[in-house]
Amino acid sequence: MKLNGKVAIVTGAGAGIGKSICELFAEKGAKVVVSSRRDINGQPVADGIRKNGGEALFIKCDVSVEDDIDKLFSKTIEQYGKVDILVNNAGVNFVKDFVDVSVEDWDRVINTDLRGAFICSKYAVDAMLKNKKGAIINITTCHTSASLPASAPYDAAKWGMVGLTKSMAVELAEKNIRVNALSPGLIDTQIWSDLLEAAESKEDCINYWKSNIPMRRVGTAREIAYAALFLASDEASYVTGANFFVDGGMTSQLISKADFESSTVEGGKRE
């Protein structure tokens with residue numbers, strides 16, 4: 001799968017999944033626009049890509065601010081003349097009990113995860129219509145299949161992204177613009193590090209989560225990047241409106257392995 005000559009904008013690209021997508025896209029020939037709201041995170045990603053022989057440009061952007069998005073796309077088109085690929089990856093990691101969620105919490109998550117993806121997509125589609133083709137990838141979550149407690153604003157935003165994906169895909173298919181969602185499971189990023197740091201026992205935390213993943217391991221950002229590469233590439237020319245899960249089978253199982261084993265009796269029969 002190659003992206004030779006294509007121009008890709010990746011939001012939330014300063015670390016984790018966004019960073020890996022930028023690096024892989026550049027390896028496959030894309031001109032990558034690294035977008036992050038912090039210079040200290042985004043600039044090193046672009047510098048690293050160029051150091052390794054790729055082409056990249058860092059543009060500071062907070063996707064909750066439309067003026068920033070306007071500058072992101074205008075500078076990209078000024079530099080490269082077009083936009084072929086948009087990866088809406090910017091998001092707010094949020095965990096709080098529903099009864100404690102404030103309106104300000106809700107607005108902060110929705111404005112970044114959902115509203116930001118919508119506005120970025122609006123600008124991208126305008127550019128792609130001129131180019132008569134394009135691909136948009138919305139990074140969502142396995143929560144779009146099954147949720148966890150204390151995730152209401154986050155899950156609402158990500159479910160909204162899936163709805164946005166499907167509506168745009170249907171409407172833009174005849175315009176040769178493909179729109180897909182990519183839903184990662186538990187991935188070895190800062191979120192996983194935070195979970196381990198907060199756990200009373202790291203070993204128990206690791207064993208618990210692995211019991212919920214049939215492949216018995218945490219995924220890597222690089223694995224998500226390869227899924228994004230497929231969806232962005234011409235090899236996925238007949239794929240649009242999909243919600244593509246990359247979660248080690250987590251959302252395919254009814255209960256965890258540990259729960260299943262604890263519910264069995266001698267002879268293999270469940271109680």
Side-chain angles (χ1 to χ4, degrees), residues 8-19 21-22 33-43 45 58-76 83 85-128 134 136-145 147-169 171-172 179-184 187 189-191 194 224 228 243:
I9 294 176
V10 183
T11 68
I17 289 172
K19 177 175 181 288
I21 290 174
C22 287
V33 177
V34 178
S35 168
S36 174
R37 64 191 181 95
R38 295 189 180 94
D39 301 70
I40 195 171
N41 294 334
Q43 188 64 60
V45 176
F58 167 66
I59 300 176
K60 185 177 180 179
C61 177
D62 180 342
V63 299
S64 68
V65 180
E66 185 173 359
D67 284 348
D68 279 14
I69 295 173
D70 185 24
K71 292 174 184 176
L72 170 64
F73 280 85
S74 62
K75 288 181 180 179
T76 297
V83 177
I85 301 161
L86 168 65
V87 181
N88 283 312
N89 175 67
V92 176
N93 180 32
F94 183 87
V95 178
K96 185 182 285 189
D97 290 342
F98 180 78
V99 295
D100 296 324
V101 173
S102 67
V103 173
E104 290 75 20
D105 291 330
W106 176 271
D107 288 345
R108 182 169 64 90
V109 176
I110 296 296
N111 286 344
T112 298
D113 292 35
L114 182 56
R115 181 177 178 272
F118 162 71
I119 299 174
C120 284
S121 296
K122 286 278 290 181
Y123 278 81
V125 168
D126 285 345
M128 291 172 180
I136 296 173
I137 302 164
N138 293 320
I139 306 298
T140 57
T141 172
C142 64
H143 287 214
T144 57
S145 174
S147 187
L148 288 170
S151 302
Y154 178 80
D155 287 2
K158 295 300 186 179
W159 277 79
M161 288 179 75
V162 173
L164 178 65
T165 296
K166 292 183 178 294
S167 181
M168 289 178 62
E171 186 172 343
L172 297 170
V179 189
N180 291 288
L182 174 54
S183 292
I187 307 300
T189 62
Q190 188 61 47
I191 294 175
D194 290 343
I224 303 304
N243 186 8

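Note that OG1 of Thr140 and CH2 of Trp159 are 10.0 Å apart. Values are rounded to the nearest 0.5 Å. Atom NZ of residue Lys71 and atom CG of residue Asp62 lie 11.5 Å apart, to the nearest 0.5 angstrom. Between atom CE of residue Met168 and atom CG of residue Asn180 there is a gap of 11.0 Å, rounded to the nearest 0.5 Å. Here the straight-line distance linking atom CD of Gln43 with atom CD1 of Ile59 works out to 10.5 Å at 0.5 Å rounding. The structure places CG of Leu182 at 5.5 Å from CD1 of Ile224, a figure rounded to the nearest 0.5 Å. Distance CD1/Ile110 to OG/Ser64: 12.5 Å, rounded to 0.5 Å.
Counting heavy atoms from C-beta outward, Val95 and Tyr154 have side chains that stay 4.5 Å or more apart. Looking at heavy atoms from C-beta onward, Asp113 lies in side-chain contact with Lys158 at the 4.5 angstrom threshold. Val87 places a side-chain heavy atom less than 4.5 Å from the side chain of Ile139. Taking 4.5 Å as the limit, some side-chain heavy atom of Phe94 sits within range of a side-chain heavy atom of Val101. The shortest side-chain heavy-atom distance between Cys61 and Thr11 does not fall under the 4.5 Å cut-off. Leu72 places none of its side-chain heavy atoms less than 4.5 Å from the side chain of Tyr123. Looking at heavy atoms from C-beta onward, Met128 lies out of side-chain contact with Leu172 at the 4.5 angstrom threshold. Within the 4.5 Å cutoff, the side chain of Ile119 has no heavy atoms near those of the Phe73 side chain.
When all heavy atoms are compared, the tightest approach of Val162 to Ala181 is CG2-CB, 4.5 Å. Heavy-atom minimum distance, Val10 versus Gly18: CG1-O, 3.9 Å. Here the closest non-hydrogen pair linking Val45 and Gly14 is CG2-O, 3.9 Å. Between Gly42 and Val34, the shortest heavy-atom distance links the atoms O-CG1, 3.6 Å. Residues Trp106 and Ala152 approach most closely at CZ3-O, 4.3 Å, considering heavy atoms. Contact detail for Lys60 and Arg37: the closest heavy-atom pair is CE-O, 3.2 Å.
Between Ile69 and the options Ser35, Cys120, Ser74, a side chain to side chain contact (heavy atoms under 4.5 Å, CB included) holds for only Cys120.
With no hydrogens or angles considered, no side-chain donor-acceptor pair links Asn243 and Thr165 at under 3.5 Å.
Listed for the Asp105 side chain is a donor-acceptor partner under 3.5 Å among the backbone atoms of Ser102. Between the side chain of Ser167 and the backbone N or O of Leu164, no donor-acceptor pair lies under 3.5 Å.
For Lys19, the NZ atom is loosely surrounded, since the number of other residues' heavy atoms within 6.0 Å does not exceed 12.
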